[in-house]
Amino acid sequence: MKHTPPDSSLPRPRIATEDASVVRARGRQRAGIVGAVLAVFMGGIGLRGVQLALDPDARVLDIAAEKRWKNVSTQGPRGTVLDHDGNVLAESVKQPAISVDPVAMRERAFEAVKLEHLKDRLDEATLKRVADEGARVALDQTGKDLAGVLVLPLDEVLSVLHSERRYVRLARNVHPEVADQIRDLGLLDKGVIIEENYRRFYPQGGFAAQLVGFVDDNGIGRQGLEQHFEEELAGSSLETVHRVNRWGSLLELFRRDERTAGGHAIKTTIDHTIQQALERSLAVVMEQSKPISATAVVVEVRTGRIVAMATGPQFDPNHLTDDFTNTHNIAVGNATEPGSVLKPFTMAGALTAGVVTPDDIIETSSPYQMYGVSISDDHPHPALTVSEIIKYSSNIGASKIAAKMGGEVLYASMESFGFGARSEIETQGEAVGVRHPWGKPGPVELATVSFGQGCTATPLQLAMATATIANGGVRMRPMIIDEIDDAFGRVVRKSEPIEVRRVVSAQVAAQVTRAMEMVIEEGGTGTRAAIPGYKVAGKTGTAQKPKNGTYSAARYSSFIGFAPSNDPVFAMAIVVDEATVGSRYGGVVAAPVFAEVIGEALRLYHVAPDPALLPVPKATHVNAPALAPSLLLVDANVPEIPAALARVEDEDAPNSPVRMSWMDGAWALPDLNGRPMRDVLAGLQRSGLTLHVEGTGRLASMDPMPGTWVVPGETVQLRFQ
Amino acid sequence: MSVVADRPVPASARNKVAERAEGSGWDLWLLGSVAGLISMGFLYVLSASGPFATHAFDDPWFFTKRQVAGLVLGVLVALVLLATPWRWYRRAAYPAYGITVLMVYMVHLPFIGHAAKGAPRWIDIGPFNIQPSELAKPALALAMANYLARNEGHLKDFMGVVAIPIGLGLAPMLLGIALQSDLGALALIVGIVGVGVFVAGIEWKWLVALGLVIGVLVAGLVLMEPYRMARIVGFLDPLGDAQGDGYQVVQGWVAFAEGGLFGKGLGQGVAQQGFLPEAHTDMISAVVAEELGVFGWSLLIVLYAIMLWRGTRIAMNAKGLFEMVLASCLSAVLAAQVVVNLGVVAGLVPPKGLVLPFMSYGASALISHMVMIAILLRVGLETRRTEIAAEQAVQRAPARAGA
């Protein structure tokens, strides 16, 4: 075959020993052979690939499962604890913890040593030594960095890093900046772990601390509400398995959209202002009387809502020490001998049993003797009515009343008031209290129990029993939780007042109330509990405190009471354990706490004072202060109020009652703009103010301005639209 | 097909592009398969290098950007080659070979020489790292083809024509590559020479003798260095040392097993997350196997098979010995790289460090392989041109005879 003439630039080839056509035919054949051989190889490899993919060695599958997974536990934050006003009492703040996995860190340091360039030059043993040394140096550097950032002793950190442990937490609750520094130093690549932890923080410090409780190092509630509502408060935790790359970071590829919810928010019934007033008041007691502790509970009578519950001395849950003596919630957890504050309940039981009437006269001139035990009074009276027995706190009288009742009746009555039984309050560590001896009482026990010795009760039990009398004989369940919301703000539970049972009739309750009012009146033991402008009912107690099996000079000074006694709003119990300075009488030590706290609570809740008890206003006014409300209808277009009221009623059914602040004989005018006429008039009706009304509908303006202090008798212009 | 065959299709309805291409000598199968491989290569360099690039350089596109730059450069070089007069190829064959031999030694020079993983294999020129051993492959194929074509019909003189001249010409190149301890490249160069002399017509007895000599040499080299022996042992049972010498291969197998038949889907592979060494270079096909399954991986092999088929066909159809040897060497060296690379992945060949053409990251290799394809296409075009010239000559001859 002829082809193009050879390139002239190339040297002419020598004479060939083979013809070109032979060479090329063979070349063609051989090129085909080369292609075919390679194609066969390709096919073989293809088959091998199919085998690798579809029938893999079991060991390969094992390796596939290895080292590429990481369990990641994510935890939602613990729920908050709030008071009734929405102030945060406990919350969880994000604060990282720094931990290490020493074994993994060593492996990584080892892997990071670059040996490729030495592989050909050194033998196995030397290579190993070089690698070990390199890893050690790298690990020591990491240790130095860590010790520097976390301000820990270097030798401690190094001993951790060189240990065989798999998880060591080096620091908790570090500042977020420390975590950033660790990131910047590249320590994460070396196996240092930043755990996103939450730290429990109590923004109000010691405020209601014994009630709220605290959490342990693992963030688990260990006392109070924190423990009781552990399940609700704990954030949901999610253990997820992530694929990680070889550099240790989670693979975005496999990260699923997982959400961990925070725990539920627990809104307590604690009223911030009243609690604050109570804690302030107890602090004063602690200061003046130097007792071991002072505890009090304030209950809203109609609902059983605990508005305040406090114990002095306080502790700061943000700085827990090993000393847990002050962390105990005495209000629910300490049952002590209540002393004379139990007498009203003895009286209530006796009245209910029909063995006495309030005006029955009991002879109390001489000590009550039985089985060699003599019961006497500190201030003996020749004879007292049943009510006066309460007023003057006669042990002899109470014992005699109890004797009339008999043990079973008295105990049944006490149990009905909630003594010796759980109140079912929703917090941790409630004590039941004991009647002693358990079972059928002898006459001595019967007598002592009647005035509160030889049995025990918690401050909460006392407060609830007092509230029962105040509530006309109907016991409410103590309510400490107002609402529980989930992390998304949805209401999980809303507490409603629960009536437990009727303990005594309304008549008996009224009779006991009257007797308790006498305690506060002139000559009674509880005069220091009086609140100007309000009628108060109460009972003092000064109980002997047993020490080492016998009664000592130490006393529990206590007070129970409620106000206003004609239409009770709050009931309260105060127990002071071992006042050491000054008087130890309940009427001296505990009663003033009642007056301060309940006085403030009543003003705060705009509970109108009893006009008959109001002090005479200081201000002189053009018009003589008219205490009775005077209502002048200026606008003739409003024929009569009921029609106007009927109209607004439909528009605005749920509206909180108007409340006003009362101080030193003057009212602070509340901001009532926009409120319906009915509410405004109802709220101001008993204030003693002269009201000039103009228009109908909702309040458009008032003169003087809201916030102004006015004395009864002053004129307020109200314009409705 | 049968339906079409039943009804005669008018010529006008046939694929005119294909017809025109066939007529002009453009091998669309070859072009198509390479285009497919390059596209997949782009995708898989990105997928396989992304996680490491992010980890090491904080830029998932780090390697892909460089690969795309190599691709652009490769297309430019290929276009220049396609436009170069065919005569110049033979003229340039020796000088090109000479230059690459020099470059192979330049990797040891200070400042421009560049070593990675303990092997000095690169020349650093401005923004580029050139790997001379990659460029040596097409240059050597050209030089071999040129030499063998010049000695067409003389290969029976084994010593005078084959052994001594080729041995002498090859020695500096072999020595240079050996100094880079690049056994893979060394084997390929020996392979190119072997294919060249085989196609050019060496006698079988000499071929067998050469094979034996090379075999003994390889055995000697392996026994000399303990680490090479370890590699062989590791190759024979990678699972026996899955955390050591067998690690790379086993991780590749893990990728195959994880991928199964149809794979996890594009970008869903885990092997390249630091587990599979050389995921974006030598082991890239394992990444394909994990993401697209052995099905997708087999498609890859089909593309390479098409490339081999068309390359072999071009060699077989070539009119001159130069073209025949050249095309055969080029298509064989491309296919051999595929076989060796995939063989390593499949555990059938000891680890060699050879890239997978058009898929693995590496701009020098990409450009070198594109040059080879361009030359192959060019040989096809030359063959067609010769055929047309022959047809025209035949058409003219009867006319003259008739006159």
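We use all heavy atoms of the structure for the numbers below, so side chains are in, but hydrogens, waters and symmetry mates are not.
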Can you check whether A200(B)'s main-chain N or O pairs, donor with acceptor, with R30(A)'s side chain at less than 3.5 Å?
no
Counting only heavy atoms closer than 4.5 Å, note whether L148(B) contacts chain A via side chain, backbone, both or neither.
neither
Contacts of E133(A) that satisfy salt bridge (Lys or Arg N to Asp or Glu O under 4.0 Å) - sequence neighbours left out:
R136(A)
The interface call for W297(B) against chain A, heavy-atom contacts under 4.5 Å, is side chain
Interface check, chain B: of V22(A), I33(A), V50(A), V23(A), most non-hydrogen pairs under 4.5 Å belong to V23(A)
Can you see which heavy atom on L61(A) is nearest to which on A257(B), and at what distance?
CD2-CB, 4.0 Å
How long is the span from the CZ atom in R48(A) to the CH2 atom in W253(B), to the nearest 0.5 Å?
4.5 Å
Residues 322-329 of chain B: residues contacting chain A (heavy atom under 4.5 Å, by number):
M324(B), S328(B)
Leading residue by heavy atom contact count with chain A [cutoff under 4.5 Å; candidates G201(B), A286(B), G259(B), G347(B)]:
G201(B)
With a 4.5 angstrom heavy-atom cut-off, is it the side chain or the backbone of L342(B) that approaches chain A, or both, or neither?
both
Sort D57(A) into side chain, backbone, both or neither according to what part of it lies under 4.5 angstrom from a heavy atom of chain B.
side chain
Quick one: what part of Y247(B) sits under 4.5 Å from any heavy atom of chain A, side chain, backbone, both or neither?
side chain
Side chain / backbone / both / neither for L348(B) at chain A, heavy atoms under 4.5 Å
side chain
Passes side-chain contact (heavy atoms from CB on, under 4.5 Å), L239(B) versus V60(A)? Steps please.
CA-CA 8 Å; L239(B) 281 164; V60(A) 170; 3.8 Å; yes
So which of G260(B), A336(B), S298(B), A315(B) has the largest heavy-atom pair count under 4.5 angstrom toward chain A?
G260(B)
Under 4.5 Å to a heavy atom of chain B? For L52(A) that would be both
Interface check, chain B: of G27(A), G43(A), P56(A), most non-hydrogen pairs under 4.5 Å belong to G27(A)
Residue among V349(B), T312(B), V338(B) with most heavy-atom pairs under 4.5 Å to chain A
T312(B)
Please classify the contact of Y304(B) with chain A as side chain, backbone, both or neither, using a heavy-atom distance under 4.5 Å.
both
For the student: nearest non-hydrogen atoms of G35(A) and L308(B), plus distance:
O-CD2, 3.5 Å
Chain B shares the most heavy-atom pairs under 4.5 Å, among Q29(A), R26(A), M42(A), with M42(A)
